[in-house]
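Structure first, commentary second.
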Amino acid sequence: MASWTHSTKKLNNITEFIFRGLSQNPEIERVCFVVFLFFYIVILLGNFLIMVTVCQGNLFKTPMYFFLNFLSFVDICYSSVTAPKMIIDFLANSKTISYVGCMLQLFWEHFIGCTEIFILTVMAYDQYVAICKPLHYMTIMDRERCSKMLLGTWVGGFLHSIIQVALVVQLPFCGSNEIDHYFCDIHPILKLACSDTYAVGVVVTANSGTITLVSFVILLISYTIILVSLRKQSAEGRRKALSTCGSHIAVVIIFFGPCTFMYMRPDTTFAEDKMVVIFYTIVTPMLNPLIYTLRNAEMKNAMKKMWSRKIFWDANNK
């Protein structure tokens, strides 16, 4: 009995994990600190600008901007799960995180990441209704239905994340505590477990892979139907629709490409994983504001009006 107790304690003796990070070269890490700090500031400012524009420009009543507002909020949250810790670690001598902190990071990364997948899918459905059923658009996409769909994205993300974390917390960790990554992701953590993780890896792949694949297929079908239906539109209608859909398709490709590479495969890790993950944790949240504003005339006009009002207000109060 005593030996069994000792063995159990040994199996759970890890209280913290150590990140290897993106690089072990101090000079490269200092460069990365400046680059990723700049990226994170752009993410915060760009997405916050979209949220302010949507609210101040009274665009919130339009379903597309209703979802875009929450996509920007999710982008801020998603990047904030990993970026601040990664940026601080670039200058730190020891890149550590507690066991509890690691599990929390894993939970929030999958919760918010999955929620973003569902929001992008809902936005594709919104585009489909707007272009293919324009006469019934406001009836189908009323505020109550939009709110329920948005709630569904959060509930779906939560359930996905709970499953992922539940699979990890029951695993024993007794050997190395060094994670070859810059944050706590599912595959690098499974490599450290002191038990056979084949079954867990299959469930993880089935869970994440199914969500990614089904959502991606829905997106492909939606945009295929939209592009086919555009042949019936006028030249001006096609131009506006393609401008809006083009923005969304660009975001989907940048986000789903790396996600598919990471989660629709067996429980394995590659040296390229860390660079691939940067695309959907840092690059996509940074590019979303640019894609949705530079290619969207309504957003640009709303921003101009907002800044014009601000300048006029400031001038009158001097």
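Throughout, residue positions are numbered sequentially from 1 according to the sequence presented.
- Residues Lys274 and Asp180 are paired through a salt bridge, judged by an N-O separation under 4.0 Å between the basic side chain and the carboxylate.
- You'll find the side chain of Phe70 stays beyond 4.5 Å of the side chain of Thr153, heavy atoms only.
- Just one residue in the list Val217, Thr210, Thr212, Ile211 forms a side-chain contact (heavy atoms from CB on, under 4.5 Å) with Val214, and that residue is Thr210.
- The closest side-chain donor-acceptor pair between Ser208 and Gln164 falls under 3.5 angstrom.
- Side-chain N or O atoms of Asp89 include none that pairs as donor or acceptor with a backbone N or O of Ala92 at under 3.5 Å.
- Residues Ile131 and Ile225 have side chains not in contact (no heavy-atom distance under 4.5 Å, counting atoms from C-beta outward).
- Aromatic ring pairs are classed by plane angle as parallel below 30°, tilted from 30° to 60° and perpendicular above 60°; the pair Phe36 and Phe39 is perpendicular.
- Environment of CG in Asn93: sparse, with no more than 12 heavy atoms of neighbouring residues, nucleotides or ligands closer than 6.0 Å.
- With ring centers used as reference points, Phe255 lies 6.0 Å or more from Phe279.
- Proximity of a side-chain donor or acceptor of Asn177 to a complementary backbone N or O of Glu16 within less than 3.5 Å is detected.
- For Phe111 and Trp154, the ring centers sit closer than 6.0 Å to each other.
- Residues Arg20 and Ile179 have side chains not in contact (no heavy-atom distance under 4.5 Å, counting atoms from C-beta outward).
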